[in-house]
Amino acid sequence: IRNDMNIEEVRDYCLAKPFVTEDMPFGDGYVTFRIAGKIFCCLPLTKGQLVQLKWNPDEFDEVVETHAYVHQAWHRHKRHMIQFSFDEYAVPDGVVRRLLDRSYSYVYGRLPKKIKSQLES
């Protein structure tokens, strides 16, 4: 298992997903990835190799208890955002991908049917 995934690889992985856009609504150094305008991943580059993910609050305790390197995001709504840092931990690539996939699926799943059908047409 590789343990050296980095922010650039997270960016590439996010952008390879269907319907994802990238922007910097909070200024340089804070990259967000969205599906139909809804954020699922943030990279606050000024904070180092930090990844923040939108999360299902019903699964918050599970992910924090399962992975020692996952925490509540430092400035976001409690239980709605998690974060981990490559600067602090060697997070296995497979775990990073699973967390990104779950965040993406959670946000995509909450989109209205009309929006999904527009994206998929």
Listed partners of E88 passing side-chain hydrogen bond (donor to acceptor under 3.5 Å, both in side chains), at least two apart
none

E8 meets the salt bridge (Lys or Arg N to Asp or Glu O under 4.0 Å) criterion, sequence neighbours left out, with none

Which pairs, with at least one residue in residues 104-121 and sequence neighbours excluded, count as a salt bridge (charged side-chain N to carboxylate O under 4.0 Å, His left out)?
none

Interatomic distance, L119 atom CG to F19 atom CZ [nearest 0.5 angstrom]
5.5 Å

Just one of N6, V10, L53 clears the side-chain contact (heavy atoms from CB on, under 4.5 Å) bar with V96, so which one?
V10

Are any of the side-chain heavy atoms of F86 and V91 separated by less than 4.5 Å?
yes

Sequence neighbours excluded, which residues qualify as side chain to side chain contact (heavy atoms under 4.5 Å, CB included) partners of P18?
Y104

Go through the steps for V70 and Y89 under the test side chain to side chain contact (heavy atoms under 4.5 Å, CB included), then give the verdict.
CA-CA 10 Å; V70 174; Y89 299 98; over 6 Å; no

Checking the side chain of S103 only, and the main-chain atoms of L100 only, is there a donor and an acceptor separated by less than 3.5 Å?
no

Give me each pair satisfying salt bridge (charged side-chain N to carboxylate O under 4.0 Å, His left out) with a member in residues 25-43, each pair once, sequence neighbours excluded.
D23-R34

With sequence neighbours left out, what residues match Y108 under ring-ring contact (aromatic ring centres under 6.0 Å, His included)?
none

Given side chains that start at C-beta, do those of L43 and L50 come closer than 4.5 Å, heavy atoms only?
no

All ring-ring contact (aromatic ring centres under 6.0 Å, His included) counterparts of F33, not counting sequence neighbours:
none

Set of side chain to side chain contact (heavy atoms under 4.5 Å, CB included) partners for D87, sequence neighbours left out
Q49, S85

H67 vs Y69 aromatic rings, parallel, tilted or perpendicular, using cut-offs 30° and 60°?
parallel

Sequence neighbours excluded, which residues qualify as side-chain hydrogen bond (donor to acceptor under 3.5 Å, both in side chains) partners of E22?
R11

By side chain to side chain contact (heavy atoms under 4.5 Å, CB included), which residues pair with D61, not counting sequence neighbours?
E65, R79

